[in-house]
Amino acid sequence: MSNSGHLAGKTALVTGSTSGIGLAIATALAGAGANVILNGFGDAGQIEAIRAKLASENGVEARYFGADMTKETDIAAMISAVEAEFGAIDVLVNNAGVQHVAPIDEFPVDKWNLILALNLSAAFHAIRLALPAMKKKGWGRIISTASAHALVASPYKVAYVAAKHGIAGLTKTVALEVAQAGITVNAICPGYVWTPLVEKQIPDTMKARGMTEEQVKKDVLLAAQPTKEFVTTEEIAGLALFLTTDAARNITGALQVIDGGWTAA
Ligand code: NAD
């Protein structure tokens, strides 16, 4: 089966795509014809099943690299291997991320270092390493999954909010540097999306705020979102896919919110 979507013949690397938002974005990009490079942690058998399904259902090549995105050497090795096989990464999606919830005076230093490395520095390394081949082709799309927390803060998430605000600055700066190179650089800023990342922060938020699970969902998470609904991974993937089209070629350096009205309030 061949795929004649608008990304046919192009290659997309989506970091943190074994789960949640990244998997939805990788699925959408493969649906539009891109060869997809999956990355992230998880059960080897499940990851192989996802890889094989994406390839066979979309008529594209799909590969998996278990690069630890907190390690500069892993990132460099993955990008070299992808470029050796596919020539260039045409669509780079910086998505891998983790969260930790605690007051700043109790915030574990190792969690600060991890979150800054994964949620911010990984994007710096992936962009700087993938850009030369993109520039040679004169076309590229760089998309980072930031967060509403790239624009506004919430208590007890100091590392995450700092890293996501950093992604906003990284996005705008690189967008200016490559504005005339056929490459756009944008960040998607979702509100709360029901994924393992959100599910996992519920126990710590219950502890930090002295709340029940239901109170955390209603009074902390969805309290921020005027729509009172979680954003879906498919909706975010739809926005990412649009950013790869020609119609989006003048969208660059943007922080695209998709947050149920959170940051309008
Ligand atoms: P998730 O937990 O479902 O997915 C995280 C992915 O990152 C997984 O594939 C995981 O294996 C991978 N990962 C974790 N550590 C890694 C490492 N060291 N190296 C490589 N991969 C690693 O979470 P998600 O909600 O889909 O989050 C994806 C992105 O979306 C994150 O950057 C997150 O901050 C952002 N985001 C999420 C929400 C939300 O409400 N879920 C809202 C805004 C932004």
TODO: Could you walk me through whether Lys157 and Gln99 pass the side-chain contact (heavy atoms from CB on, under 4.5 Å) test, one step at a time?
DONE: CA-CA 8 Å; Lys157 296 183 177 177; Gln99 173 64 286; 3.3 Å; yes
Tell me the closest heavy-atom pair linking [X] and [Y], and the distance in Å.
X	Y	result
Ala123	Ile167	CB-CD1, 3.7 Å
Ala26	Ser17	CB-CB, 4.2 Å
Trp112	Phe107	N-CE2, 3.8 Å
Leu129	Ala76	CD1-CA, 3.8 Å
Ile75	Ala122	CD1-CA, 4.0 Å
His100	Ile115	N-CD1, 3.5 Å

Cluster question for you: counting only ILVMFWY and a side-chain heavy-atom cut-off of under 4.5 Å, with indirect links fine, are [X] and [Y] together?
X	Y	answer
Leu241	Val36	yes
Leu197	Ile258	no
Val257	Ile21	no
Tyr156	Tyr192	no
Leu38	Val91	yes

I want to check something: taking the side chain as every heavy atom from C-beta on, are [X] and [Y] in contact at a cut-off of under 4.5 Å?
X	Y	value
Val101	Tyr160	no
Tyr64	Ile50	no
Leu221	Thr205	no
Arg63	Asn35	no
Ile143	Ile25	no
Leu92	Ile127	yes
Thr11	Glu83	no
Phe86	Ile37	yes

TODO: Please indicate whether Leu176 has more than 12 foreign heavy atoms, meaning atoms of other residues, nucleotides or ligands, lying under 6.0 Å from its CG.
DONE: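 More than 12 within 6.0 Å, yes.
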Open item on the list: Surrounding NZ of Lys228 (heavy atoms of other residues, nucleotides or ligands, distance under 6.0 Å), is the total greater than 12?
Closed with: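 Count over threshold, so yes.
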Open item on the list: Show every salt bridge (Lys or Arg N to Asp or Glu O under 4.0 Å) that has at least one partner inside residues 97-113, sequence neighbours left out.
Closed with: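 As it turns out, there is no salt bridge (Lys or Arg N to Asp or Glu O under 4.0 Å) pair with a partner in residues 97-113 once direct neighbours are skipped.
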Task: Pair Arg209-Val216, side-chain contact (heavy atoms from CB on, under 4.5 Å): steps then yes or no - done: CA-CA 8 Å; Arg209 294 183 183 250; Val216 170; 5.8 Å; no
TODO: Apply the test side-chain contact (heavy atoms from CB on, under 4.5 Å) to residues Val193 and Thr233: give CA-CA distance (whole Å), side-chain angles for both, the deciding distance (0.1 Å), then the verdict.
DONE: CA-CA 7 Å; Val193 189; Thr233 57; 3.8 Å; yes
Let me have the donor-acceptor pairs involving side chains of residues 131-142, under 3.5 Å, with sequence neighbours excluded, atom names and distances please.
residue: Lys137; atom: NZ; partner: Asp90; partner atom: OD1; Å: 2.8
residue: Arg141; atom: NE; partner: Leu243; partner atom: O; Å: 2.9
residue: Arg141; atom: NH2; partner: Thr245; partner atom: O; Å: 3.2

Distance-only donor-acceptor pairs under 3.5 Å for side chains of residues 177-189, two or more places apart:
residue: Asn186; atom: OD1; partner: Gly253; partner atom: N; Å: 3.4
residue: Asn186; atom: OD1; partner: Ala254; partner atom: N; Å: 3.0
residue: Asn186; atom: ND2; partner: Ile251; partner atom: O; Å: 2.8

- [ ] Please report the C-alpha distance between Val231 and Gln225 in whole Å, then the side-chain angles of each, then the deciding distance to 0.1 Å, and finally whether the side-chain contact (heavy atoms from CB on, under 4.5 Å) criterion is met.
- [x] CA-CA 9 Å; Val231 181; Gln225 274 173 213; 4.0 Å; yes
